[in-house]
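To start, the structure under review is shown below, and the notes come after it.
Here is how names work: the chains are called A, B, and so on, in the same order as the sequence lines, proteins then strands, and each is numbered from 1.
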Number of protein chains: 2
Amino acid sequence: MKKKLSIKDIAEQLNVSKTTVSFVLNGKASENGVSQAMQRKVLSYIEKVGYRPNKMAQGLRTGKSKTIGMMVEDISDTFFSTIARKFEEILTTKGYKIIYGSTENNTDVTKELIRVFRNHQVDGYIIAPPPGIEEDIKALIEDGVPVIIFDRPLTELDVDSVLVDNYRGAYKATQHLLANGYKNIVMVTLLSEQTQMRERERGYRQCVEEAGGKPAILKIRYHEKKEKAIADIEQYLKNNRKTDAVFFATNYLAENGLEAIANCKLAIADRIGVVVFDDSNWFRLFKPSITAISQPIEAICTEVTNLLMERLEQKKEIAPKAIVLPTNMIIRNSSVPVKKAGRT
Amino acid sequence: MKKKLSIKDIAEQLNVSKTTVSFVLNGKASENGVSQAMQRKVLSYIEKVGYRPNKMAQGLRTGKSKTIGMMVEDISDTFFSTIARKFEEILTTKGYKIIYGSTENNTDVTKELIRVFRNHQVDGYIIAPPPGIEEDIKALIEDGVPVIIFDRPLTELDVDSVLVDNYRGAYKATQHLLANGYKNIVMVTLLSEQTQMRERERGYRQCVEEAGGKPAILKIRYHEKKEKAIADIEQYLKNNRKTDAVFFATNYLAENGLEAIANCKLAIADRIGVVVFDDSNWFRLFKPSITAISQPIEAICTEVTNLLMERLEQKKEIAPKAIVLPTNMIIRNSSVPVKKAGRT
DNA sequence: GTGAAAGCGCTAACAT
DNA sequence: ATGTTAGCGCTTTCAC
């Protein structure tokens, strides 16, 4: 077991003081008048023996852990894991590591996560917040800790945030279905308080009402048995024969909804139009391929990390920014009746 | 900005020593003869003011960070993100947090990740190793750090590992296709040194050869342009008209391969059978639904964490264990000609 | 230009 | 039964 060496060992080997070593390690050598020769000597020795400073000691001393806490609803969700990857990519270049936690969109779980992250002295937080977490986040901010929220708004709280225009995304999706001749569109959404879902619902409602129609909304409880969700959607479809299009508020709902539609033997596109909020790699492979509202994941990540780095490096007070990004509609075949367009 | 309190503050407020507080905090109160009354007093005060010990200081002192380093090829891959979630679930109950890193299946990236994780003093490693990383992992183990590898074997190295029987999984998949009347099966796999891929290839070869056939293997470079992968597969299909079944070695390849098949206008199941290694939530929704070899994710995670906890709590030397889990074939419609079975 | 030393918050051996 | 104290490895002020 090769003994881990400390700055003290290095200093002793080199017959200099810990201070000198520390200075060159932190790039403060020149400004503190350490000779070039000395710097080279230290650097090359460190390189040779593969010394790397102990982050815990550094952290204890400086109060900085060089780690960021990321909290999302569920890290196994493709949307969030793709984002996690992107964050990793960007933050690694800045010398940060990420520790993650899944909130399950549950306030208490999130509170506990925040506590744990605090104990770990994370330098900043990236959070897709559940409802009811305002107070805790406010406390964080008041303590001067950088917090960036994304994906879900936290109204009533002045905090850096990066959101997507859920309202317009849903509006456009609905409008697109209407434009393609579908008249009775049902929106299948989650029975939950997630603010971004409410925005999507609002966009749908607004659009339908403007067109003189009557909104129809089916709410499904999240992560109850898959079979239950499928059965509920199937039931709705059977009881509402006039329904000729479905707008799924999330990928997860589409997964079950598409099965329900199959069970009802309704031909997608011709008999029933389909649009899903959030894209999936697989959608283009369906027959017919599935139209989706996609979120600008790259942009979300760069905006979030930019805000975060700004806060981490901030010298003076800066006012929180709220960034809203547009969604992108990817029109495929599930929302275009065959008589109007070729099928893939 | 509410000042963070330390154990010293607590001790002063309570008029006791830091030791006493520390003992009750660490459940060593009784064994060190701290009175029940005292324990309750400390506990309730701590609860009241919401004190929580600073992990960095604890870590520096004890040499334990209570964090685990997880390295996988790509955290945004569904397989790995699902696993990340499960690890989180289990390790949280044990008081550990996870920091993650994506290796891109690249040796140098992984080496650097290991260095960074070491600096962060992670208490243990969970690694899906890239090729050529044996030496570094060996060094870790010799330093007494718990390392569990999974997903990919590291031959020549005696280390705790949890793997899936890739050979048998591929063998069974091939056998299943043969049994359903497909005669010319091509395996589409990655042009890479990943050991688990070689095992899958071996399973396929063995089965085809036993049946007196001639193996046909198409290798695709990972993560080159999607279009290139699609074109390559399409090309193969066009040049080999006799091919009547495809066995995709991973989900990622299936994503492109299914598009190639669609482009060639080959009817899945009837004209061309399809089986994919690794399942996806979406496969049951395809028409026809896609047959897949699924990995026992739950089992992998519990085995890995069990091994890890064993190491973390180990008193005496224990010999490394190699655990191999069976895969599960989920027969859907893409591998069963219609004349033999009903379509969904 | 370089070094000594204090101290970040905690644990645990040792004293009392 | 409770308190004193010496570090863990590092940064940084201040003294030489």
Side-chain angles (χ1 to χ4, degrees), chain A residues 3-43 45-46 49-67 95 115 118-123, chain B residues 2-43 45-46 49-67 95 118-123:
Chain A
K3 194 179 154 309
K4 271 224 103 189
L5 9 75
S6 75
I7 199 171
K8 195 173 140 214
D9 301 320
I10 306 290
E12 277 168 9
Q13 301 302 318
L14 255 29
N15 270 311
V16 297
S17 81
K18 293 194 298 173
T19 314
T20 308
V21 179
S22 177
F23 279 156
V24 347
L25 238 38
N26 295 293
K28 296 189 179 157
S30 299
E31 79 192 53
N32 283 283
V34 174
S35 68
Q36 289 296 322
M38 190 45 139
Q39 292 193 37
R40 271 194 301 278
K41 189 169 150 199
V42 173
L43 250 12
Y45 184 72
I46 278 173
V49 298
Y51 164 78
R52 312 216 61 193
N54 178 324
K55 287 272 176 209
M56 308 237 71
Q58 269 182 327
L60 179 57
R61 182 60 233 239
T62 61
K64 300 281 162 242
S65 62
K66 284 298 195 175
T67 112
R115 296 180 67 137
R118 291 210 86 164
N119 302 159
H120 278 274
Q121 319 292 123
V122 303
D123 296 339
Chain B
K2 147 181 79 187
K3 195 178 155 308
K4 272 223 102 189
L5 8 74
S6 76
I7 199 171
K8 195 173 140 216
D9 300 320
I10 306 289
E12 278 169 7
Q13 301 301 318
L14 254 32
N15 270 311
V16 298
S17 82
K18 293 195 299 171
T19 313
T20 309
V21 179
S22 177
F23 279 155
V24 346
L25 238 39
N26 296 294
K28 296 187 178 158
S30 299
E31 81 192 51
N32 283 284
V34 174
S35 69
Q36 288 296 323
M38 194 51 168
Q39 294 193 36
R40 271 194 302 277
K41 189 168 147 198
V42 172
L43 250 12
Y45 184 72
I46 278 173
V49 299
Y51 164 78
R52 314 216 60 192
N54 178 325
K55 286 272 176 209
M56 307 236 74
Q58 269 183 328
L60 178 56
R61 182 59 236 239
T62 59
K64 300 281 162 241
S65 62
K66 284 299 194 173
T67 111
R118 291 210 87 164
N119 302 159
H120 278 275
Q121 318 292 126
V122 304
D123 296 339

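- Applying the side chain to side chain donor-acceptor pair (under 3.5 Å) rule to A:Thr67 yields no partners; only residues at least two apart in sequence or on another chain are considered.
- Rotation axes derived from the C1' atoms of the five outermost pairs at either end of the helix from C:dG1-D:dC16 to C:dT16-D:dA1 lie 50° apart, to the nearest 10°.
- Scanning both residues, A:Ser65 and B:His120, for their nearest heavy atoms gives O-CE1, 3.5 Å.
- Atom C1' of nucleotide D:dC10 and atom NZ of A:Lys55 are separated by 12 Å, given to the nearest angstrom.
- The residue B:Asn119 sits apart from the nucleic acid: no heavy atom pair falls under 4.0 Å.
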Show which side-chain atoms of residues 21-29 of chain A pair as donor or acceptor with protein atoms under 3.5 Å away, not counting sequence neighbours.
| residue | atom | partner | partner atom | Å |
| --- | --- | --- | --- | --- |
| A:Ser22 | OG | A:Asn26 | ND2 | 3.4 |
| A:Asn26 | ND2 | A:Ser22 | O | 2.8 |

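- If you take NZ of A:Lys66 and P of D:dC10, they are 16 Å apart, rounded to a whole angstrom.
- The side chain to side chain donor-acceptor pair (under 3.5 Å) test applied to B:Asn54 returns no partner, not counting sequence neighbours.
- Between B:Ser17 and B:Ala11, the shortest heavy-atom distance links the atoms C-CB, 3.7 Å.
- When rounded to the nearest whole Å, the span between CG of A:Leu60 and P of D:dT12 equals 13 Å.
- For B:Ser17 and D:dG3, the shortest distance from a side-chain N or O to OP1 or OP2 is below 4.0 Å.
- For the pair B:Arg118/A:Arg52, no side-chain contact is recorded, criterion being any heavy-atom separation below 4.5 Å from C-beta on.
- Separating the CG atom of B:Asn54 from the C1' atom of C:dG7 is a distance of 14 Å, rounded to the nearest angstrom.
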Ignoring hydrogens and angles, write down the donor-acceptor pairs under 3.5 Å from the side chains of residues 33-41 of chain A, residues two or more places apart or on other chains.
| residue | atom | partner | partner atom | Å |
| --- | --- | --- | --- | --- |
| A:Ser35 | OG | A:Met38 | N | 3.2 |
| A:Gln39 | NE2 | A:Ser30 | OG | 3.2 |
| A:Gln39 | NE2 | A:Val34 | O | 3.1 |

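- Annotation for B:Lys55 and A:Gln121: closest pair N-OE1, 4.3 Å, computed over non-hydrogen atoms.
- For A:Thr20, the side-chain atoms get nearest to C:dT2 when compared with the rest of D:dG9, D:dG3, C:dT2.
- We find that CD of A:Glu12 is positioned 15 Å from C1' of D:dC10, with the value rounded to whole Å.
- Of all heavy-atom pairs spanning B:Leu5 and B:Asp9, the tightest one is CA-OD2, 3.2 Å.
- Across the protein-nucleic acid pair, B:Arg52 atom CZ and C:dC10 atom P stand 12 Å apart, rounded to whole Å.
- The interatomic distance linking A:Lys64 (NZ) with D:dG9 (C1') rounds to 19 Å, in whole Å.
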Base-contact (B) and sugar-phosphate-only (S) positions in nucleotides 11-16 of chain C, heavy-atom cut-off under 4.0 Å, - elsewhere: BBB---
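- Rounded to whole angstrom, the span from the CG atom of B:Asn15 across to the P atom of D:dT4 amounts to 11 Å.
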